[in-house]
Amino acid sequence: MTIKIAWRNIWRNKIRSLIIIVSVSSGLLAGMAVISLYEGMMRSRVRTVIETETGHIQIHQKNFLNDRMTEYYIPNPQLISDHLKNDMSVRAFSERTISEGMLSTASGVSGVSIIGILPQNEIIVSGLDQKIKEGFLIPREDINGILIGKKLSQKLKIHLGQKIILTVTDSAGNLTSSAFRLRGIYQSDNALIDEVNVYVSQQSIQAMLTLKNQIHEISVLLKSDEQMDECLRRYKIKFPDLAIDSWKSLSPETNLLVTTVDYYSFIILVILFIAISFGIMNTMMMSVLERRYETGMMMALGMGKYKIMYMIILETIFLSIISIPVIIPMALMTIQYYGEKGIDLSGMGKDMMYSFGFETTIYPVFPIEKLPSLIILLFITAIISSILPTWKSVQNSPIQALRN
Amino acid sequence: MEKRAKQSDTGIEKLNSKDATVIDAHNISKTYNPGGIPIRAIKNIHLHLSKGEFVALVGPSGSGKTTLLNMIGGLDQPDSGSILINNTDITRLSQAKLVKFRLHHIGFVFQSYNLIPVLTAQENAEFIMLLQKIKKFKRNERIDMLFQAVGLSDKKNVRPSQLSGGQQQRVAVLRALASKPQFVLADEPTANLDSEAAFNLLDIMLKLNKEEGMTYIFSTHDQRVIDRVKRVIKLVDGEVVSDKITDIL
């Protein structure tokens, strides 16, 4: 009966209840939108890191990542290559010869990371061909071709076909330079990479470094993200003398973003729900104060304080969660729609997002596993909002309430 | 006086004796201080009521009728004195026990009906029985009988706002009577009713008083009520000035 009274009580003043239901719904929608946008951004960032920057796993000589010296190349790369070719979890892998060096043009100089690639492998592992904005991806046999990032091309004001000099320190410690022609300009989602990384054929850089078929890095793209931890474990056992790292340690800033995004969304949700709770509390206070005589009469008839309190708490909970069956499916459908279509945020800050390594089109995703916690949070909000009205409802004795 | 008492689950002793004193108010006084000026609402009243009595507390406004009724019903506490109900001093009960006491022993009828607006007439009438956790079939049986007795069988599913004043007061009386309380305390129950409705209501209460032996105490200055009760206790300025058995029956 208490449930029945509580349910009917919330419809005594329909407009007032509807206003609060709409405000709770808006808060819930906003909360889900925030979570979905964050999740979409993070997933997109992780995909960018995996599919265009690091791959799932990278293999190096143990000292290479600390000090990118020419001599820290991977010993016996063929052994690793054979192993990866036979590993069913591996979708593709790319071997790279890397050197730090100096890029000079007629208009300027810049420190760069020169990556010697096998173009056909990079197409799969890092999608390099998809990033070409001007020109084309250097063919394997093009030993004089070079690709640079858009940011670097703008900085040094270089155009396609222009001559570029690369200077590196070879394996004997001698400075050596070679001339290249700019064949293509690429643009990734990460401005930092675009300013530093330049691509040449593996053959050319190996010749400059006087390395014979030596490589510094193997980037491995797996068939699914879920296989990463298992592969990492296996490779570490198989190649104990090499450094085997996942994208999480290769791109710690992305991993930090992913792990902290839950906290950010939680904080935003709490702020939203605190605002909502004041609205609920105000409505319930009005409702309780209007019904002081009635609650006094109920107590006079033999309804205990705890039952009255239970009734008020129920009313608050009903007001708070009544919209859930409608709003959550609506929100999920909307998120699904935009998750497929994408939300183009380029008008809001394309350069800023690019400089932070984010795509400008966000595909929101609502992690369904967060739905129970969202509902629990709303439930807690309702309980907290009901404390003051509930306390107020049993403040007067029956006789005081009836006299008033 | 033959009395046999049994401890109930509410801490209130139930009465089994036919002629026992069920209410024994001893030397009770009550003073209010509205705006800092003390007003003695009840002055050293002694009152004894037996089971099955049909009593009216009469007197002018401000004579202390409602205050006395509220104290008997455990809604208000006297400043001094004791109120023994079935040999239990209710002035010493905690608020929680008083709530249980009211729930299980007293039926209240208020002057202004006080029905719960969101419940139907039947749900209002069942309210106390529901709090007492009485089974549905027993509730339905009782409610059907009472609604039939007051001629409101066709209004059971109607909300109070759709009932006339007389009909609402009848439902309020049904609510008080439905759980068969030991006492029915009615504060000016006929004040807002026309004569026909008032007589109708009194007939029902008299009938149930005879059939079920409930004790009725009215606070009233309505002559229509006074003419039909068995005992009239007159209060003036918080004191009992007369206590008469009428020859109505």
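Letters go in sequence order (proteins before strands), and every chain restarts at 1.
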task: Answer yes or no: does atom CD of Glu141(B) have more than 12 heavy-atom neighbours from other residues, nucleotides or ligands under 6.0 Å?
output: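 Check fails, neighbour count at 12 or below.
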
query: chain B: which of Gly296(A), Ser397(A), Gly302(A) shares the most heavy-atom pairs with it under 4.5 Å?
result: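 Among Gly296(A), Ser397(A), Gly302(A), the one with the most close pairs to chain B is Gly302(A).
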
query: What part of Asn114(B) is in contact with chain A, defined as an atom under 4.5 angstrom from a non-hydrogen atom: side chain, backbone, both or neither?
result: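 Backbone plus side chain of Asn114(B), per the 4.5 Å heavy-atom cut-off to chain A.
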
task: Name the region of Leu75(B), side chain, backbone, both or neither, that has any atom closer than 4.5 Å to a heavy atom of chain A.
output: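 The answer is both parts of Leu75(B).
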
message: Please classify the contact between Phe110(B) and chain A as side chain, backbone, both or neither, with a heavy-atom cut-off of under 4.5 Å.
response: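 Looking at Phe110(B), just its side chain touches chain A.
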
task: In plain terms, say whether Lys156(B) and Asp144(B) are close enough for a salt bridge, that is, a side-chain N and a carboxylate O under 4.0 Å apart.
output: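 Yes, Lys156(B) and Asp144(B) are salt-bridged.
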
- request: Count the heavy atoms of every other residue, nucleotide or ligand shown that sit under 6.0 Å from CD1 of Ile15(A), and state whether that count exceeds 12.
  value: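 It does not: Ile15(A) CD1 has 12 such atoms or fewer within range.
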
message: With side chain to side chain donor-acceptor pair (under 3.5 Å) as the criterion, how do Asn86(B) and Gln182(B) come out once you've worked through the C-alpha distance, each side chain's angles and the decisive distance to 0.1 Å?
response: CA-CA 10 Å; Asn86(B) 304 338; Gln182(B) 271 186 284; 2.9 Å; yes

field: Test: Glu315(A) and Arg12(A) ion pair at under 4.0 Å
entry: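 No, this pair does not count.
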
message: Using heavy-atom distances under 4.5 Å, tell me whether Glu123(B) contacts chain A through its side chain, its backbone, both, or neither.
response: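 Glu123(B) touches chain A through side-chain heavy atoms alone.
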
- prompt: Ser82(B) and Asp89(B): side chain to side chain donor-acceptor pair (under 3.5 Å), yes or no, with the steps?
  reply: CA-CA 6 Å; Ser82(B) 60; Asp89(B) 187 353; 4.5 Å; no

field: Part of Met1(A) within contact of chain B (heavy atom distance under 4.5 Å)
entry: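 Met1(A) touches chain B through side-chain heavy atoms alone.
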
Option in Val118(B), Leu103(B), Thr66(B) with maximal non-hydrogen atom pairs under 4.5 Å from chain A: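 Max contact count across the listed options: Val118(B).
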
- prompt: Which region of Lys307(A), side chain (C-beta onward) or backbone (N, CA, C, O), has a non-hydrogen atom less than 4.5 Å from a non-hydrogen atom of chain B, or is it both or neither?
  reply: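 The side chain, not the backbone.
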
